[in-house]
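Notes follow the structure.
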Amino acid sequence: MKKDELMKLLRNPAEYRKNKKAASAASVPAAAQAESRAERKKQDVTLLGVGISVVVLVLLTMVFVLSAKNRAEDLVAALDPDQVQGLALKDKEFNPNQEVRVVNVQEGHDRSVAVTQLGSTLPIISRFNYKTFTPQSFEVIGAAPWALTMNFSSNLADPDMMRYLLANDKLIEAFLKRPDVEPLLSDPQMLVAFTADADTLSDFFESDVVKGVLANEKMVQAVAGSRWMSYLLISTSGKYFRKNPKEAAAVIQASPALQKLRSNSYVRAAVQNNRYLKSIASTLLGVQPQLETQQKIAAPQRAKSASGAAKKTTKKK
């Protein structure tokens, strides 16, 4: 160190170091300084991005936890009473044109509707996700072939869940618009022709899902008393056969699958309790013909007994 610099250091060390630092900074090229500033800015941006990511992850975790806490543990208590009650009928028959928008659809018979054409995957309802269902979710279940069957399959042990599902008007409306359903409900003769297809009916009623439904008394009650079933029974075909129950009984009698269905004790009880069918239940279930047969068999026996009693009375006199 030179003598003059040493003297400056001894006189005022702080000022000497300050001047030395300033001189050193001035000697650094401007390009190097710019590069240093850019590097520091890049580090700051990186740290900011990491911080934002951490905050987002924390928020998503909180939302998931809260939604899990809010899921229904008791579905029965969570059901909308207006939906559960279904159709409130008194003296007059329910008219869907007054309470529910009915869409006229074109006739068709194609059942091979691809699920991808509906623009959605098949939603399967459960106690853990039913609150997240949108109107489109219910429409897809109603419109897609086998979607309703798949939902039954996933909820065979939960009649309340299916009762809730079958009360949804969006699902019902979409189901009634299906090209393989609407023609059957609008033309009684087409429905008769459908029931004549023994192989199709046999495959349907022999499926594990349908067997599971028919083996569960509460599930049969849920289906038979649902808003969905009410719409089927107030359709053109439903009204026709309710007004002509003997024709309906003949159709049942001609089909082995429907005869077997009629013999199910849960189905018989459901028909007898259904608001639309209870007045004609004896005809549909074949109760009246059985009574008539029993009466015909018993009539000669009663006549014979009466004749014998009369003869005994004559002898006594």
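Computed from a prediction, not measured in an experiment: that's the story for all the values here.
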Looking at side-chain heavy atoms only, is the closest gap between [X] and [Y] below 4.5 Å?
X      : Y      : answer
Met150 : Leu122 : yes
Asp169 : Ile172 : yes
Ser265 : Glu217 : no
Val140 : Leu171 : no
Leu191 : Leu185 : no

Show the numbers, then the answer: is there a side-chain contact (heavy atoms from CB on, under 4.5 Å) between Leu214 and Leu261? CA-CA 9 Å; Leu214 295 176; Leu261 178 67; 3.8 Å; yes
Reported [atom1]-to-[atom2] distance for the pair [X] and [Y], which is rounded to 0.5 angstrom:
X      : Y      : atom1 : atom2 : value
Gln189 : Tyr240 : CD    : OH    : 6.0 Å
Asp160 : Leu165 : CG    : CG    : 12.5 Å
Trp228 : Arg163 : CH2   : CZ    : 16.0 Å
Asp197 : Asp203 : CG    : CG    : 8.5 Å
Ser263 : Arg268 : OG    : CZ    : 8.0 Å
Gln253 : Gln259 : CD    : CD    : 4.5 Å

So, does [X] use its side chain to make a donor-acceptor pair with the main chain of [Y] at under 3.5 Å?
X      : Y      : result
Ser235 : Leu232 : yes
Asn151 : Ala147 : yes
Gln272 : Ala281 : no
Ser207 : Phe204 : yes
Asn274 : Ala270 : no
Asn155 : Asp158 : no
Ser186 : Glu182 : yes
Asn168 : Phe138 : no
Asp187 : Leu184 : no
Asn244 : Glu247 : no

Where is the tightest heavy-atom contact between [X] and [Y], given as atom of each residue plus distance?
X      : Y      : answer
Val223 : Met229 : O-CB, 3.2 Å
Ala174 : Ala143 : CB-N, 3.9 Å
Met161 : Ile125 : CE-CD1, 3.6 Å
Pro183 : Arg178 : CD-O, 4.2 Å
Leu166 : Ser226 : CB-CB, 3.8 Å
Ile234 : Arg242 : CA-NH2, 3.9 Å

Apply ring-ring contact (aromatic ring centres under 6.0 Å, His included) to Phe241 and list each qualifying residue two or more places apart in sequence or on a separate chain. none
Under the ring-ring contact (aromatic ring centres under 6.0 Å, His included) rule, collect the residues that match up with Phe152, sequence neighbours excluded. none
Let's go through Leu277 and Leu233 carefully: what are the C-alpha distance in whole Å and the side-chain angles of both, what is the deciding distance for side-chain contact (heavy atoms from CB on, under 4.5 Å) to 0.1 Å, and is it a yes or a no? CA-CA 9 Å; Leu277 303 177; Leu233 294 175; 4.1 Å; yes
How about Asp199 and Ser202: does a side-chain donor come under 3.5 Å of a side-chain acceptor? no
Side chains of Glu173 and Tyr231, donor plus acceptor under 3.5 Å: no
With a 4.0 Å cut-off on N to O distance, would you call Lys211 and Asp208 a salt bridge? no
Would you sort out whether Ser126 and Asn129 count as a side chain to side chain donor-acceptor pair (under 3.5 Å), showing the intermediate values? CA-CA 6 Å; Ser126 71; Asn129 70 357; 3.2 Å; yes
Got more than 12 heavy atoms from elsewhere within 6.0 Å of CZ, Phe205? yes
Where at least one partner belongs to residues 250-267, residue pairs that pass salt bridge (charged side-chain N to carboxylate O under 4.0 Å, His left out), sequence neighbours excluded: Glu206-Lys260
Between Tyr266 and Gln221, is the side chain to side chain donor-acceptor pair (under 3.5 Å) condition met? List the steps. CA-CA 8 Å; Tyr266 301 151; Gln221 292 174 351; over 6 Å; no
